[in-house]
2 protein chains.
Amino acid sequence: MTGKQFSSVWLREPRPARSPGRSREEIVRAAVELLDAEGLDGLSMRKLGAKLDAGATSLYWYVANKHELLELVYDEIWGEMTVPEPRDGRWHETARGFAHSMRQVVLRHPWAARLIGRIPALGPNALGSSARLARAFKIAGFRGLEIDYAVSTLTAYVFGTVIPEVAYNETMAEGAVDEQSVRETVERAVADHPEILERLRENASFTDTEQVREMMFSFGLAAVLDGLEARLVT
Amino acid sequence: MTGKQFSSVWLREPRPARSPGRSREEIVRAAVELLDAEGLDGLSMRKLGAKLDAGATSLYWYVANKHELLELVYDEIWGEMTVPEPRDGRWHETARGFAHSMRQVVLRHPWAARLIGRIPALGPNALGSSARLARAFKIAGFRGLEIDYAVSTLTAYVFGTVIPEVAYNETMAEGAVDEQSVRETVERAVADHPEILERLRENASFTDTEQVREMMFSFGLAAVLDGLEARLVT
DNA sequence: ACCTGAACACCGTTCAAGT
DNA sequence: ACCTGAACACCGTTCAAGT
């Protein structure tokens, strides 16, 4: 009924940065710093304003609302990812390079995990990466819709892996929670499921999480790439 | 320094439901209704209290904080998923059945998408599903850590696919946004990337989204299963 | 044992007013 | 053109007080 329009920062021209005063870049940079330091819940318009020695509401001159701010910082994240230039017959390299890079970037900026999917990836950096990824799959031999399918499969795997990883890290980080107490917790919760419990115990996974997770990520990634390869041959 | 403990609803005995008054189940049921009707941002302790004809803060008798409430509703969602009983040589069926079921459940309860990864899946329903899934991969022939790897790969793919799907739906749903305006928006944003633009145009994807997304999901799922199968043979 | 209302410390956003 | 403070309508949570 309302007919509310779909809107995005990327549709509006940014206010031209004239005087050396506040600018959109400056705001985004400060926002990323705040996010890195205090997480997604730590970013408020008031705090960001304060950090910039400005009134809380000054920001609304540069940005229509908080969602637009999030769109901007989200694209910033995409800018940190590397997508190796696709070369003939080496699409695995492009895909693998992108996957590892994206994972690292999100692990470095954990707040980004909760933005994935929630914020449309329509910024220049996100589009650039997607386009390059699509090119790699095209060179690989995918056609039409299947190019998108392949890109989506890859990014879905990376997103779906890294989101829970970050969540786990955050649970751990909340004021020096020790792994021991989590382990006990999980063991108790899992007491009714002997298979899970058994595997928890036999794993070194609780003493060497990061390494195990790296292996896990590579394992699944290899599976996804193999599976895509198989679709190509057919 | 603080030594804050990891905590979860699943570690505390629930208050025994004595009188026919409020109970944890009742609260959870009301919360799910509220979430289905108004989304994750629509759930507040005050509104939930009102819905139950109770003061906003009465809920804190049954639940330590909002996070615990979210743990409860999240496990409710896991309870709606079906994981076909694994049978010899048919692990693909179990995996595929689970994948489609989980996707449908999250599409039906879109708020759950933002809970994935954020809320630890330690409830009885989540653990039950995981255990059954693990059993299927064990029967399939995976060993030790690889059982977990395989489960994680599968769920990562499903999560990573469905989270952006839901986000897209929500963007569309916000007060009758018409697809036409989104299409124009995206086309403009993508103007610098002829390959993407071209593919957008050649696709029927914008006129028949749900069907295209079903195909996309099945395509990627098949790739993931093939890839896991390949890891098995080696 | 269970429920209440007042209070605290926050939010995002609007808007009339300033320079 | 840019920034401000006051105000509005919300939050989650604590706590002393009620029954």
Side-chain angles (χ1 to χ4, degrees), chain A residues 2 4-5 7 9 12-28 30-31 34-35 37-73 111 114-115 118-119 174-175, chain B residues 2 4-5 7 9 12-28 30-31 34-35 37-73 111 114-115 118-119 174-175:
Chain A
T2 348
K4 198 204 269 177
Q5 286 300 79
S7 82
V9 226
R12 307 188 300 109
E13 286 303 307
R15 308 272 191 191
R18 309 179 171 287
S19 48
R22 243 86 57 183
S23 73
R24 187 172 268 190
E25 293 88 62
E26 203 188 343
I27 290 171
V28 171
L34 195 50
L35 286 163
E38 306 194 26
L40 191 59
D41 295 330
L43 175 69
S44 74
M45 301 304 265
R46 285 172 224 258
K47 278 197 212 162
L48 183 55
K51 193 178 162 76
L52 290 163
D53 289 318
T57 57
S58 319
L59 303 168
Y60 286 88
W61 179 257
Y62 299 93
V63 125
N65 46 41
K66 195 180 179 182
H67 190 270
E68 285 203 356
L69 181 63
L70 294 177
E71 284 190 275
L72 292 169
V73 295
W111 45 269
R114 279 170 60 189
L115 261 34
R118 229 175 92 200
I119 306 293
E174 267 169 18
Chain B
T2 347
K4 199 205 269 177
Q5 287 299 79
S7 81
V9 226
R12 307 187 301 108
E13 285 303 306
R15 308 272 191 191
R18 308 180 171 287
S19 48
R22 243 86 57 184
S23 72
R24 187 172 268 188
E25 292 86 63
E26 203 189 343
I27 290 172
V28 172
L34 195 51
L35 286 163
E38 305 194 28
L40 192 58
D41 294 331
L43 174 69
S44 74
M45 300 305 265
R46 285 171 224 261
K47 278 197 212 161
L48 182 55
K51 192 178 164 75
L52 291 162
D53 288 319
T57 56
S58 320
L59 303 168
Y60 285 89
W61 180 256
Y62 299 94
V63 126
N65 47 42
K66 194 179 181 183
H67 190 269
E68 286 203 355
L69 181 63
L70 293 177
E71 284 190 275
L72 292 169
V73 294
W111 46 270
R114 279 170 59 189
L115 261 32
R118 228 175 92 200
I119 306 293
E174 267 169 18

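Just so you know, these numbers come straight off a predicted model, no measurement behind them. The sequence lines fix the lettering, A, B, ..., with proteins before strands; numbering per chain opens at 1.
Screening residues 48-58 of chain A for side-chain hydrogen bond (donor to acceptor under 3.5 Å, both in side chains), with sequence neighbours left out, gives A/Glu33-A/Lys51. Within the structure, salt bridge (charged side-chain N to carboxylate O under 4.0 Å, His left out) pairs that include any residue of residues 55-68 of chain A comprise A/Arg12-A/Glu68 (at least two apart or interchain).
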Original post:
Once each nucleotide of nucleotides 12-19 of chain C is scored for protein heavy atoms under 4.0 Å, what B/S/- sequence comes out, 5' to 3'?
Top reply: BBB-----

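Here D/dC3 presents its C1' atom at 9 Å from OH of A/Tyr62, a figure rounded to the nearest Å. Straight-line distance from the CD atom of B/Glu38 to the C1' atom of D/dC10: 13 Å, rounded to whole Å. In this structure, A/Leu59 atom CG and D/dC2 atom C1' are separated by 12 Å, rounded to whole Å. As rounded to whole Å, 9 Å separates atom P of C/dT4 from atom CG of B/Asp53. In this entry the distance linking CG of B/Leu69 with P of D/dC11 reads 14 Å, nearest Å.
Heavy-atom minimum distance, B/Arg24 versus B/Tyr62: NH2-O, 3.1 Å.
The distance from the CG atom of A/Leu48 to the CG atom of A/Leu34 is 6.0 Å, given to the nearest 0.5 Å. Atoms OG and CZ, on B/Ser44 and B/Arg46 in that order, are 7.0 Å from each other to the nearest 0.5 Å. For the atom pair CG of A/Leu69 and CD1 of A/Ile119, the computed distance is 9.5 Å after rounding to the nearest 0.5 Å.
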Original post:
For DNA chain C, what dot-bracket results from Watson-Crick or G-U pairs at under 3.5 Å, with [ ] for crossers and | for inter-strand partners?
Top reply: ||.|||||...|||||.||

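Here A/Trp61 reaches the OP1 or OP2 of D/dC2: one of its side-chain N or O atoms lies under 4.0 Å away. Between A/Ser58 and D/dT4 there is a side-chain N or O to OP1 or OP2 distance below 4.0 Å.
Exactly one residue among B/Leu52, B/Leu72, B/Val73 makes a side chain to side chain contact (heavy atoms under 4.5 Å, CB included) with B/Ile27. That residue is B/Leu52.
Under the salt bridge (charged side-chain N to carboxylate O under 4.0 Å, His left out) criterion, B/Asp41 pairs with B/Arg114, sequence neighbours left out.
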